[in-house]
Enquirer: 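Handing you a structure now.
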Amino acid sequence: MIHSGRHFLQIPGPTNVPDRVLRAMHRAVMDHRGPEFAKLGAEVLENLQPIFKTAGSVVIYPSSGTGAWEAAIVNTLSHGDRVLMFETGHFSQLWRQLAERFGIHVDYVPGNWRRGAPAAEVAARLASDDRHAIKAVMVVHNETSTGVTTSIAEIRNAIDDAGHPALLMVDTISSLGSIDYRHDEWQVDVTVAGSQKGLMLPPGLSFNAISEKALASNKTAKLPRSYWDWQEMLGPNRNGFFPYTPATTLLYGLKEALAMLQEEGLGNVFHRHNRHAEATRAAVRAWGLEIVCEDPREYSSSLTAVFMPEGHDADRLRRIILENFDMSLGAGLSKLAGKVFRIGHLGSFNDLMLAGTLSGVEMGLGLAGVPYNAGGVTVALQSLAPAK
Ligand SMILES: Cc1ncc(COP(=O)(O)O)c(C=O)c1O
């Protein structure tokens, strides 16, 4: 089918890249050892700090988010170390797998893929670890496969209440720049992030925000590392440079994206995401469909995962929507495949884009013969602009 107009990219990342960012990247590649690059490097490294809400170091890797996951592990841990992780969904599963490949023993607390990491369980596990064998607590802030957000403040309090010295490592790949996040205040030791979601960039950059405590662990951590080594990176970063060829073009884009977030104000960015998430959930409820996230306190503001009615295939619905309306929705991942579709409402996004997105879903439900109640879009519009 030939489509006109713009494709709707409503997966929960990569997200729509704003024209301003695209234009900023539309430039000749510069010498990454020259003075102009040093200025760009220093500027983006500094301007990233308020996004993570940290006064500490942030490093930028030319990689997808998985690289920053690996960097967090190899820079702080040693073969045979124990860590505590929680089965929140597909991405907690993958991070666990990565850790195990490095010989880390993961205490993996089972979950039903509808809840976040329970702070009470963190408290209990750490309280019973009186020999401090657990070296790190590793949590996915926003589980992109389920649309569930864990309260990192509560996890922090649980660690403090137990008086336990474990590092706290948090994956913010689908929350940074979309959902409130505070690296320093919550005393997170390593924050993992990626470029392609709330930061409104193409895929290709990943980040570690690093605490002083994590830097201290780095000195004794024995896992082999080379490309991901923080020390290799932090030295040249002091002058705005990188130890190897940086993703120059993406850094032009990053500079622009950070300026856009700063102009809008992070508080306003989070408010915008909250409104869109709220309106989306209102539509889902009006359609008579079920939201995957069980606990309203853990609703994600960057995406909403929705169960299909029994006997109806989410991938068929997504295909019908793609063919008819040129809109991509997120697939259900691993054990949720075919059962769930995910609506991304993060990044560069506004009310009318959400109205279009929800209209595509509602029309798709009709075309696919899925039982639903009409009128979800109307309810969402009322949520966005309540009649005076
Ligand atoms: C929460 C989360 N963690 C990790 C990843 C992996 O990142 P990447 O695919 O960029 O390697 C993703 C990707 O969507 C994610 O959503």
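Atoms within a ligand are numbered from 1 in the order they appear, just like the ligands themselves.
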Enquirer: For Ser64, take its heavy atoms, then give the atoms of ligand 1 lying under 4.0 Å from any of them.
Expert: 8 (P), 10 (O), 11 (O)

Enquirer: Which part of Thr66 is near ligand 1, with near meaning a heavy atom under 4.0 Å away: side chain, backbone, both or neither?
Expert: both

Enquirer: Give the atom numbers and elements of ligand 1 that come within less than 4.0 Å of a heavy atom of Asn142.
Expert: 1 (C)

Enquirer: Taking 4.0 angstrom as the limit, do Arg297 and Glu154 come out as a salt bridge?
Expert: no

Enquirer: Using 4.0 Å as the upper bound for N to carboxylate O, is an ion pair formed by Glu256 and Arg27?
Expert: no

Enquirer: Look at the aromatic rings of Phe37 and Phe241 and report parallel, tilted or perpendicular, splitting at 30° and 60°.
Expert: parallel

Enquirer: Looking only at protein heavy atoms, identify the closest one to atom 16 (O) of ligand 1 and say how far it is in Å.
Expert: Thr144 OG1, 2.5 Å

Enquirer: Scan residues 351-375 for pairs that pass salt bridge (Lys or Arg N to Asp or Glu O under 4.0 Å), counting only residues two or more places apart or in two chains.
Expert: Arg275-Asp351

Enquirer: Heavy-atom contact under 4.0 Å between Lys197 and ligand 1?
Expert: yes

Enquirer: Any idea which part of Val192 is under 4.0 Å from ligand 1, heavy-atom wise: side chain, backbone, both or neither?
Expert: neither

Enquirer: Backbone or side chain, does any N or O of Trp69 fall under 3.5 Å from an N or O of ligand 1?
Expert: no

Enquirer: Show which atoms of ligand 1 fall inside a sub-4.0 Å distance from at least one heavy-atom site of Asp171.
Expert: 1 (C), 2 (C), 3 (N), 4 (C)

Enquirer: Could you tell me how the ring of Tyr227 sits relative to the ring of Tyr244: parallel (under 30°), tilted (30 to 60°) or perpendicular (over 60°)?
Expert: parallel

Enquirer: Would you indicate whether Glu36, at its atom CD, is surrounded by more than 12 heavy atoms from other residues, nucleotides or ligands within a distance under 6.0 Å?
Expert: no

Enquirer: Salt-bridged, Arg125 to Asp129, with N to O below 4.0 Å?
Expert: no

Enquirer: Name the one of Asn142, Ile343, Val292 that satisfies side chain to side chain contact (heavy atoms under 4.5 Å, CB included) with Leu303?
Expert: Asn142

Enquirer: Measure the distances from the heavy atoms of Gln196 to every atom of ligand 1 and state whether one is below 4.0 angstrom.
Expert: yes

Enquirer: Below 3.5 Å, N or O to N or O, backbone or side chain included: is there any such pair between Ser174 and ligand 1?
Expert: no

Enquirer: Which heavy atom of the protein is the closest neighbour of atom 13 (C) of ligand 1, given with residue, atom name and distance?
Expert: Phe91 CE2, 3.4 Å

